[in-house]
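One structure below.
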Amino acid sequence: MDEAWGAHLPFHPGLPSWAMDAGADVCVTSIHKMGSGLEQGSVFHLQGDLIDPAKLKIRADLLGTTSPSVLIYAGLDGWRRQMALHGRELLGRALDLAAEVRTAVEAIDGLHVNDRADLCGPGLADDVDPLPVVIDVSGLDTTGYRAADWLREHRHLDAHLADHRRISTQLTHADDEETTGALLTALKDLAHAAADLRPAPTVQVPDPAGLRMEQTCLPRDAFFGDTEDIPPADAAGRIAAEMITPYPPGIPAVLPGERLTEPVLRYLCSGVEAGMNLPDATDPGLGTVRVLAASDSAG
Ligand SMILES: Cc1ncc(COP(=O)(O)O)c(C=O)c1O
């Protein structure tokens, strides 16, 4: 189970339950995300008898370094101690602060904070962590990319993530009224400056069904096959030989072996034009797309 963003969840009853309390056999948390660890401080949690600890270790060893950093281990231990001794108090304060911030952002014209009403329900999430404050800026008639660029350039404030209609701001136990005050002032200024952020390029997002593409062969056969790099304009109908993942959301839009379609290519090209980040594409600027060579194509 991917619990990357849940390092803090076990330490306050007001937070959603974490993977192990929800019955997972194994999960991974990134202590460097919602905790105070140093980057790369991710840990497994294991319970029950479905997963053999020895097998898990052997598999983790395949991916791990042989030169672990004592600083990372010390950071993990420091976080563990801090949470065991003060977690409830620190996270309680963070939750109060998050509630205030969410109300204050919602009161800014043109901004909407994604909350339970947007995210929970049948077929949706079961619960929401209030500390990540995800703000829909489409009411300002601009994109999250533009809003994030403006905040960085004019208020020296880095949004955690941005997409075509949202920015995400991340509160943790380390925030206080000073940091949230700076955030709220900057967001009010952003709303006043909205006219400067228009017109924003439109990202042509397909509906969920339009994002599904036909898998024509095993991903490994496409990835290790003969490939060529071609302009996206020529790529519809060809078999992808790479993974292309807009981040956020961090979910691949293209997998090796999928037959590329025009709506997905339009989504990615219009996205890159607007500021979308494609960290894993062979060409992150999408001048070309990597596809199976015509001679090697599954047809
Ligand atoms: C949902 C999710 N899982 C896993 C990861 C990767 O975690 P790590 O930084 O521990 O490699 C990320 C990183 O952003 C993530 O967002």
Side-chain angles (χ1 to χ4, degrees), residues 1-2 4-5 28 30 62-63 114 118-119 123-125 134 136-138 141-149 159-168 197-299:
M1 171 107 193
D2 182 340
W5 288 96
V28 191
S30 309
L62 286 175
L63 304 170
N114 282 165
D118 300 297
L119 304 169
L124 300 173
V134 178
D136 191 326
V137 299
S138 54
D141 206 11
T142 190
T143 59
Y145 304 123
R146 279 269 168 97
D149 286 348
H160 167 228
L161 293 170
D163 74 2
H164 57 284
R165 57 185 266 220
R166 290 160 285 239
I167 56 173
S168 150
L197 309 177
R198 303 174 193 136
T202 307
V203 183
Q204 298 178 44
V205 187
D207 61 24
L211 284 166
R212 288 233 170 255
M213 296 190 291
E214 177 200 0
Q215 187 78 37
T216 64
C217 60
L218 288 176
R220 58 169 295 126
D221 290 342
F223 187 83
F224 291 114
D226 282 342
T227 64
E228 54 185 316
D229 296 339
I230 62 172
D234 300 335
R238 299 293 296 271
I239 310 301
E242 64 174 335
M243 190 157 83
I244 306 181
T245 309
Y247 193 96
I251 295 164
V254 174
L255 287 170
E258 286 184 330
R259 190 186 302 282
L260 293 162
T261 61
E262 259 169 27
V264 168
L265 289 161
R266 251 198 321 270
Y267 163 54
L268 294 172
C269 290
S270 59
V272 166
E273 197 72 14
M276 179 189 278
N277 176 28
L278 300 177
D280 56 356
T282 315
D283 176 358
L286 229 53
T288 58
V289 183
R290 182 153 294 184
V291 296
L292 263 188
S295 56
D296 204 11
S297 179

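Every residue meeting the side chain to side chain donor-acceptor pair (under 3.5 Å) condition with D280, not counting sequence neighbours, appears here in chain and number order: T245. Every residue meeting the side chain to side chain donor-acceptor pair (under 3.5 Å) condition with S138, not counting sequence neighbours, appears here in chain and number order: D136.
No donor-acceptor distance shorter than 3.5 angstrom exists from the side chain of E258 to the backbone of E214, with no hydrogens or angles considered. Within the 3.5 Å criterion, the main-chain N or O of G237 finds a donor-acceptor partner in the side chain of R259. Under the 3.5 Å distance criterion, the side-chain polar atoms of D283 are matched with a main-chain donor or acceptor of G287. Panel note: side chain T143, backbone R165; no donor-acceptor pair is recorded below 3.5 Å.
Here the shortest heavy-atom pairing between A253 and M213 reads O-CE, 3.5 Å. Considering all non-hydrogen atoms of both residues, G210 and T261 come closest at O-OG1, 4.4 Å. Closest approach of P256 to A222, counting heavy atoms only: C-CB, 3.9 Å. When all heavy atoms are compared, the tightest approach of A159 to I167 is CB-CB, 4.1 Å.
A side-chain N or O of S168 and one of H160 form a donor-acceptor pair less than 3.5 Å apart.
No more than 12 heavy-atom neighbours from other residues, nucleotides or ligands sit within 6.0 angstrom of CZ on R212.
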- Query: Stepwise, does the side chain to side chain contact (heavy atoms under 4.5 Å, CB included) test hold for L260 with I239?
  - Reply: CA-CA 6 Å; L260 293 162; I239 310 301; over 6 Å; no

- Message: Walk me through whether M243 and V254 qualify under side chain to side chain contact (heavy atoms under 4.5 Å, CB included).
- Response: CA-CA 5 Å; M243 190 157 83; V254 174; over 6 Å; no

- Message: Before you tell me yes or no, could you show the steps for T288 and T282 under side chain to side chain contact (heavy atoms under 4.5 Å, CB included), namely the whole-Å CA-CA distance, both residues' side-chain angles and the distance that decides it to 0.1 Å?
- Response: CA-CA 8 Å; T288 58; T282 315; 5.9 Å; no

- Message: Using the rule given for side chain to side chain contact (heavy atoms under 4.5 Å, CB included), can you reason through L161 versus Y247, listing the C-alpha separation, both sets of side-chain angles and the distance that settles it, and then say yes or no?
- Response: CA-CA 8 Å; L161 293 170; Y247 193 96; 3.4 Å; yes

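Between atom CG of residue L292 and atom OG1 of residue T216 there is a gap of 7.0 Å, rounded to the nearest 0.5 Å. Summarising the geometry, atom CG belonging to L286 is positioned 5.5 Å from atom CD1 belonging to I244; distances are rounded to the nearest 0.5 Å. Summarising the geometry, atom CD belonging to E242 is positioned 9.0 Å from atom OG1 belonging to T227; distances are rounded to the nearest 0.5 Å. Going from atom CD1 of I230 over to atom CZ of R290 covers 12.0 Å, rounded to the nearest 0.5 Å.
Between N277 and Y145 there is no side-chain heavy-atom pair separated by less than 4.5 Å. Annotation: side chain of V28 is not in contact with side chain of D2 (no heavy-atom distance under 4.5 Å).
Salt-bridge annotation for R166 and D163: present, with a side-chain N of the basic residue lying under 4.0 Å from a carboxylate O of the acidic one. Between E228 and R238, at least one side-chain nitrogen of the basic residue sits less than 4.0 Å from a carboxylate oxygen of the acidic one, meeting the salt-bridge criterion.
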Please set out all donor-acceptor pairs under 3.5 angstrom arising from side-chain atoms of residues 264-276, sequence neighbours excluded.
residue	atom	partner	partner atom	Å
R266	NE	Q204	OE1	3.4
S270	OG	Q204	N	2.9
S270	OG	R266	O	2.7
S270	OG	Y267	O	3.2

